[in-house]
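For reference, the structure is listed below as structure tokens.
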Amino acid sequence: MSLGLDAPYPKVKVLGLGECGTHAVIDAHLGEVLIDERELARPLLASIDPGMLVLADRGFYSYSRAFWDEAAATGAQLLWRVQFLAEAARGHRTR
């Protein structure tokens with residue numbers, strides 16, 4: 001099975017921090033195509049300011065609780081989707 005990695009042109013994965021209203025790109029980080037997008041997210045934390053509302057899919061929370069703590073330490077408001085069963089097992093409320 002080919003992942004399309006044998007094409008004759010370079011491939012790169014991009015993870016960006018974007019503004020929802022204007023669609024402006026605040027910051028972006030590039031990595032090789034096989035790197036997990038969650039690995040690309042950590043450098044973007046430096047571009048998060050207090051008062052921002054940061055949305056993220058559930059994979060980012062499950063990646064590492066330390067990553068959540070680092071994001072929360074920026075002073076931003078975090079609205080991240082999480083897996084209910086994972087949170088229930090840890091004793092956290094999701095409401």
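Note that the numbering runs from 1 along the sequence shown for the chain.
- Pairing each heavy atom of D27 with each of S47, the nearest pair is OD2-OG, 2.5 Å.
- V14 belongs to a hydrophobic cluster whose remaining members, ordered by chain and number, are V12, L30; membership requires side-chain heavy atoms of ILVMFWY residues under 4.5 Å apart, directly or through intermediates.
- At a threshold of 4.5 Å between non-hydrogen side-chain atoms, the residues L55 and W80 do not count as touching.
- The side-chain heavy atoms of I48 and L17, taken from C-beta on, include a pair separated by under 4.5 Å.
- A distance of 10.0 Å separates CG of D36 from CG of L15, quoted to the nearest 0.5 Å.
- Under the salt bridge (Lys or Arg N to Asp or Glu O under 4.0 Å) criterion, E37 pairs with no residue at all, not counting sequence neighbours.
- Of all non-hydrogen atoms in L44 and H29, the two that sit nearest each other are CD2-N, 4.0 Å.
- Residues R42 and F67 form a side-chain contact, since some pair of their non-hydrogen atoms from C-beta on lies under 4.5 Å apart.
- Residues that satisfy the side chain to side chain donor-acceptor pair (under 3.5 Å) test with E32, not counting sequence neighbours, are absent from this structure.
- Atom CD of Q77 sits in a sparse spot, with 12 or fewer heavy atoms from other residues, nucleotides or ligands closer than 6.0 Å.
- Proximity of a side-chain donor or acceptor of D57 to a complementary backbone N or O of G59 within less than 3.5 Å is not detected.
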| field | Pair L79-L53, side-chain contact (heavy atoms from CB on, under 4.5 Å): steps then yes or no | value | CA-CA 7 Å; L79 181 59; L53 174 61; 3.9 Å; yes
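- Expressed to the nearest 0.5 Å, how far CD1 of I35 lies from NZ of K13 amounts to 8.0 Å.
- A72 approaches L78 most closely through the heavy-atom pair N-CD1, 3.6 Å.
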